[in-house]
A.B. asks: 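For reference, the structure I am asking about is given below.
Note that the coordinates shown come from a computational prediction; the quantities given were computed from them, not determined experimentally. When reading the values below, keep in mind they use all heavy atoms of this one structure, side chains included, and skip hydrogens, waters and symmetry mates. Convention: sequence-line order gives letters A, B, ...; per-chain numbering from 1.
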Number of protein chains: 2
Amino acid sequence: MNQIIDRPGGNTDAAKGKGERTRERILEITEQAVLQKGFGATSIEEIVCEAEITKSGFFYHFRDKNELARALLIRHIEKDEILLDQVFERGKELADDPLQQFLIGLKMFAELVEDLPQGHPGCLVAAYCYQERLFDREIYDLNQQAVLGWRKRFRVILDKIVEQYPPNEPVDIDELADMVATVIEGGIVMSKALGRPYLLANQMMLLRSFVKLLFTKQAG
Amino acid sequence: MNQIIDRPGGNTDAAKGKGERTRERILEITEQAVLQKGFGATSIEEIVCEAEITKSGFFYHFRDKNELARALLIRHIEKDEILLDQVFERGKELADDPLQQFLIGLKMFAELVEDLPQGHPGCLVAAYCYQERLFDREIYDLNQQAVLGWRKRFRVILDKIVEQYPPNEPVDIDELADMVATVIEGGIVMSKALGRPYLLANQMMLLRSFVKLLFTKQAG
DNA sequence: CGAAAAACTGTACCGGTGGTAGGGTAATGT
DNA sequence: ACATTACCCTACCACCGGTACAGTTTTTCG
């Protein structure tokens, strides 16, 4: 772990060492490329070209392409965690009821992905799923940890909801927690396949309808 | 279109020409490899090796890797259509009510994917989504057609349900139809990421719960 | 300021892969 | 039997990931 995290004066770009900035530039360029055409189709040559460094410079930062993949995934997961934290924390600020908090969070998330101009760029976790054998065991484990993190996150929220609202259908809470990630991942695939960014947002809102139906009493 | 479809005596392997059989063998081998490690990571060399032909033999059947991808996708979509037809036709045989038919179909589909030993092998449509730029426009369009086909299929079923059952929440039927594919695609990603085949089946059953809640009156 | 460490550059090379070119041959269908 | 189909063989090319290693600039810090 030679990453500089706590540095006096904050973590701004200017405060980071030059190497750290270059490394970050490589990762940024790579992420764009990978989400557009997959990891296998993204060559080191084109990365170094766009980053305006040489091949040697690249291999100074990353031992091989596998290490690049790992760093990219770690970065992606971290950014993702921060985003999810923000959205669902905001839900907590806007309502006291746990069900309302969750519904607000889901809606905000849907609006967030709808506002992205080119649609959601895609999920590296899913992208890596479809290229398994290209990577080593460590990357597979990282991916798994990310998915389990999602489950845990939504499980905590759902547990609080279940305390107050008995579900109208028997459901396993872990499975329901997984459904959030399922709809996001599936929605991204569908959005990409049809070239319709709003589709992901629609699907998120449908999931919201499900949660509502599941936990609120219906007029008979 | 030089494919032999209608041939006297049926479409058995033995009735097909030798070339057709080799072509099929290449596609079968390729499909296994692609679903395991992605298209980019599957080399022509290894395909010809396992198919026990030479590189020249391969290029006799397919002009380039792109044509292989296209043929593979077409084959995959066709097989998929047949499977979905079977499952939801069986639902129609077992019940008269359109809602019951759909619920039976969903459950049968869930059981079907659960019984697969290694779990669902993955969906080529999704796999191609994450490798867009590797392929040409025609493949992109094919993929899109497949997804629209799913939407149409489930829309027809859902329209009949809506005729009899007013939904408990306002939903767009096309979006709801898309949700079937969304949960399948997302469920596959989740299953692959966690290495838990049953997860896809669970998610399908959750979707079934949603449909049930949406179209049946709840005791207030 | 100056030395050490960090962050690169340049060149040359290797094996594997997608793909091309073209000539030769065995199997197959009618 | 004969043409077509379905291959095989060899040689070649460009690109890509990766290695090796020596040399140079840039930054950091005492």
A.B. asks: Using whole Å, what does the distance between atom P of nucleotide D/dT27 and atom OH of A/Y60 come to?
C.D. replies: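 Whole-Å distance recorded here is 13 Å.
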A.B. asks: Which nucleotide sits closest to the side chain of B/I53: D/dC8, C/dT17, D/dC16?
C.D. replies: D/dC8
A.B. asks: I need the full list of salt bridge (charged side-chain N to carboxylate O under 4.0 Å, His left out) pairs touching residues 43-59 of chain A, with sequence neighbours left out, sorted by first then second residue.
C.D. replies: A/K37-A/E46
A.B. asks: Quick one: is the NZ or CZ of A/K160 closer than 6.0 Å to the six-membered ring centre of A/F102, and within 45° of its axis?
C.D. replies: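 Cation-pi check for A/K160 and A/F102: fails.
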A.B. asks: Check the distance between D/dA6's C1' and B/E20's CD and give it to me in whole angstrom.
C.D. replies: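 Answer to the nearest Å: 12 Å.
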A.B. asks: Between A/E93 and A/R90, does any side-chain N to carboxylate O distance fall below 4.0 Å?
C.D. replies: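 A salt bridge links A/E93 with A/R90.
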A.B. asks: Using heavy atoms to find the nearest nucleotide of DNA chain D for B/S56 and B/G19 separately, return the residue whose nucleotide is more 5′.
C.D. replies: B/G19
A.B. asks: Classify the side chain of A/K55 versus the base of C/dG10 as yes if they form a donor-acceptor pair under 3.5 Å and no if they do not.
C.D. replies: no
A.B. asks: Starting from P on D/dT26, measure out to NZ on A/K18 and report it in whole angstrom.
C.D. replies: 7 Å
A.B. asks: Rounding to a whole Å, what distance do you find between B/F59:CZ and D/dT5:C1'?
C.D. replies: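 These atoms are roughly 19 Å apart.
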A.B. asks: Is it true that A/K79 and A/E31 make a salt bridge, defined as a side-chain N closer than 4.0 Å to a carboxylate O?
C.D. replies: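 Yes, this pair counts.
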A.B. asks: In whole angstrom, what separates B/K65's NZ from D/dA14's P?
C.D. replies: 21 Å
A.B. asks: Tell me: NE2 of B/H61 to C1' of D/dT5, nearest whole Å?
C.D. replies: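 Going from B/H61 (NE2) to D/dT5 (C1'), I get 10 Å.
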A.B. asks: Quick check: on DNA chain C, is the nucleotide nearest B/T42 upstream (toward 5') of the one nearest A/T22, or the reverse? Name the residue that is more 5'.
C.D. replies: A/T22
A.B. asks: Relative to the 5' end of DNA chain C, which residue comes earlier, A/F58 or B/F58, by the nucleotide with the nearest heavy atom?
C.D. replies: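 Nearest-nucleotide comparison on DNA chain C picks A/F58.
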A.B. asks: To the nearest Å, how far apart are A/F39 CZ and D/dC16 P?
C.D. replies: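 A/F39 atom CZ is separated from D/dC16 atom P by 15 Å.
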A.B. asks: Measure from CD1 on B/I44 to P on D/dC13 and round the result to the nearest Å.
C.D. replies: 20 Å
